[in-house]
Amino acid sequence: MNVLLLGSGGREHALSFTLAKSKLLSKLFVAPGNPGTAEFGENIQLDVKDHAAVIQFCRLMKIEFVVVGPEAPLVAGLVDDLEKAGIKAFGPSRAAAQLEGSKNFVKELCSDYTIPTAAYKSFTDVQGAKAYVMAQGAPIVVKYDGLMAGKGVTVAATVEEAFEAIDGLFASEPTARIVIEECLLGEEISFFCLSDGFNVIPFGSAQDHKRAYDGDTGPNTGGMGAYSPAPAFTPELQCRTLEEIIKPTVAAMQERNTPYKGVLFAGLMLTAAGPKLIEYNVRFGDPECQVLMMRLNSDLLDILMASADGQLEGTHVDLSDNCALTIVMAAKGYPGAYETGTEIKNTDAANALPNVKIFHAGTKKQGSNLVSNGGRVLNISAIAPTIAEARANAYEAAKIIDWSQGFYRKDIAWRALKD
Ligand code: AMP
Ligand code: GLY
């Protein structure tokens, strides 16, 4: 079958890499894609916000299945519109995508169905928000209620810091709704499940590094590196998470007539009192997807279709027992201001190393040269029997890449290797 994959990052390069291995695939189109996805499919220019244009392209190219990478088209209802047009797609409906689109929606759902999460209150005014912070004390977490690419969250160590965050959010949007919640302590992990609206199957776990610099310091980013599996997430904790968090969520969405289909990415804090939900995302994580795809033995297209078709019962996601690790190479300055268009050399040499894969996240071709085209630019990924070996191989590959304007963390997976 012909498949259309939407998105342009490292996640989509990794998805194209695994979709291309599918026995069911005839031709893969990626919109807009990047120089990495061009290795596995045909990149095309398509305005994803124009749903009619996407539908028209699907009809013209006889696309039988659309895989949506990022959250924005899901929250905008692209899957609903495709399905109305008779085109099958992977991902949740607009109503179900509220699990990522609105933090307040998730918090209310958790409280209605007693799903473990941080205690919270939501506010639409500065005074109310500050009074709550005063009453609760620090540390405390201030969040914008909406999509902000991971940048709408402040984990405030002091009351003053929380006030600053509240003032900042209302200054940039006076009608904002903000969520203020208890600061959870523990190890943070990412857990991925597939749902077909009814059945739930685990896809695997990973750990990401959100802060820009070594030692988990510096500003929050979209993620600077990841590894899978997450050793802290034991089979017992996975079982508990499925029973206490994931299955009740999928059942609640079904009960509300907004069944959840797609990949459900739970950001969890493994607290002393057990796993608690930090947030949901309605897509694969980036860069977590890259490490999951390195480990995947199953036919990805087959399982994504089963999710869309309500046929996940009896399906199993076969992940290699090996460990995968990815290092994000970012442009100097990221997540703040950075330069684009700087030349990157030797990616092919790094990619040629055994059990290494260089995923492109923010690159483009300029003539025959590869140049940077974003904040997070390359994902240096490796797979090996242990996290330590995968890490050594990934750093070996990173050293080969010649990009003077890039930087990367030197301590990916330090938590997993600290003992
Ligand atoms: P979110 O966008 O909700 O994932 O938040 C971004 C990051 O902030 C998370 O990945 C956590 O590291 C941190 N965070 C969010 N909420 C909490 C919380 N209640 N307690 C501790 N850390 C949090
Ligand atoms: N790496 C975290 C995310 O994709 O949201």
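Counting convention: from 1, in listed order, for ligands and their atoms alike.
Judged purely by distance below 3.5 Å, without hydrogens or angles, the side chains of Ser190 and Asp208 never pair a donor atom with an acceptor atom.
For atom 5 (O) of ligand 2, the nearest non-hydrogen atom from the set Glu288, Arg283, Glu279 comes from Arg283. For atom 9 (C) of ligand 1, the nearest non-hydrogen atom from the set Glu279, Glu188, Glu182 belongs to Glu188.
Between Asp47 and Lys49 there is no salt bridge, since no side-chain N of the basic residue sits under 4.0 Å from a carboxylate O of the acidic one. Using a 4.0 Å cut-off between charged nitrogen and carboxylate oxygen, Lys107 and Glu181 count as a salt-bridge pair.
Both cation-pi conditions hold for Lys410 and Tyr408: the charged atom is under 6.0 angstrom from the six-membered ring centre and inside a 45 degree cone around its axis. Remark: Lys399 is not positioned above the aromatic ring of Tyr395, lacking an NZ or CZ atom under 6.0 angstrom from the ring centre and at most 45 degrees off the axis. Relative to the ring axis of Phe407, Lys332 does not place its NZ or CZ within 45° and under 6.0 Å from the centre.
Pro287 counts as a contact of ligand 2, since one of its heavy atoms falls under 4.0 Å from the ligand. Not a single heavy atom of Arg11 sits under 4.0 Å from any atom of ligand 2. Put simply, part of Phe265 is less than 4.0 Å from ligand 2, judged by heavy atoms. Ligand 1 lies nowhere less than 4.0 angstrom from a heavy atom belonging to Gly267.
Which parts of ligand 1 touch Met269 is read off a 4.0 Å heavy-atom cut-off, strictly below it: atoms 21 (C), 22 (N). Those atoms of ligand 2 that come under 4.0 Å of a heavy atom in Gly222, given as number and element, are 1 (N), 2 (C). Counting the atoms of ligand 1 from 1 in the order shown, those under 4.0 Å from a heavy atom of Lys210 are 10 (O). Taking every heavy atom of Glu181 and a limit of under 4.0 angstrom, the matching atoms of ligand 1 come to 16 (N), 17 (C), 18 (C), 19 (N). Taking a cut-off of under 4.0 Å to the non-hydrogen atoms of Asp208, the atoms of ligand 2 that pass are 1 (N), 2 (C). Contact atoms of ligand 1 toward Cys183: 20 (N), 21 (C) (distance under 4.0 Å to a heavy atom of the residue). In summary, the atoms of ligand 1 found under 4.0 Å from a heavy atom of Lys103, numbered by their order in the structure, are 1 (P), 2 (O), 3 (O). Shown in contact with Ala118 at under 4.0 Å from a heavy atom are these atoms of ligand 1, numbered in order with element: 19 (N). Close approach to Gly285 involves these atoms of ligand 2, each under 4.0 Å from a residue heavy atom: 4 (O). Each of the atoms 2 (C) of ligand 2 lies under 4.0 Å from some heavy atom of Lys210.
Checked by atom type and distance alone, the side chain of Gln207 pairs as donor or acceptor with a backbone atom of Glu188 at under 3.5 Å. Side-chain atoms of Asn355 do not come within 3.5 Å of backbone N or O of Ala382 as any donor-acceptor pair.
Only the side chain of Val153 comes within contact range of ligand 1, with a heavy atom under 4.0 Å; no backbone atom does. When heavy-atom distances to ligand 1 are checked against a 4.0 Å cut-off, Lys143 comes that close only through its side chain, counted from C-beta outward.
In this structure Ala251 satisfies the side chain to side chain contact (heavy atoms under 4.5 Å, CB included) test with no other residue, sequence neighbours excluded.
Looking at Phe233, Phe265, Tyr280 one by one, the single match for ring pair (Phe, Tyr, Trp, His ring centres under 6.0 Å) with Phe192 turns out to be Phe265.
Note on residues 167-187: no pairs pass ring-ring contact (aromatic ring centres under 6.0 Å, His included), not counting sequence neighbours.
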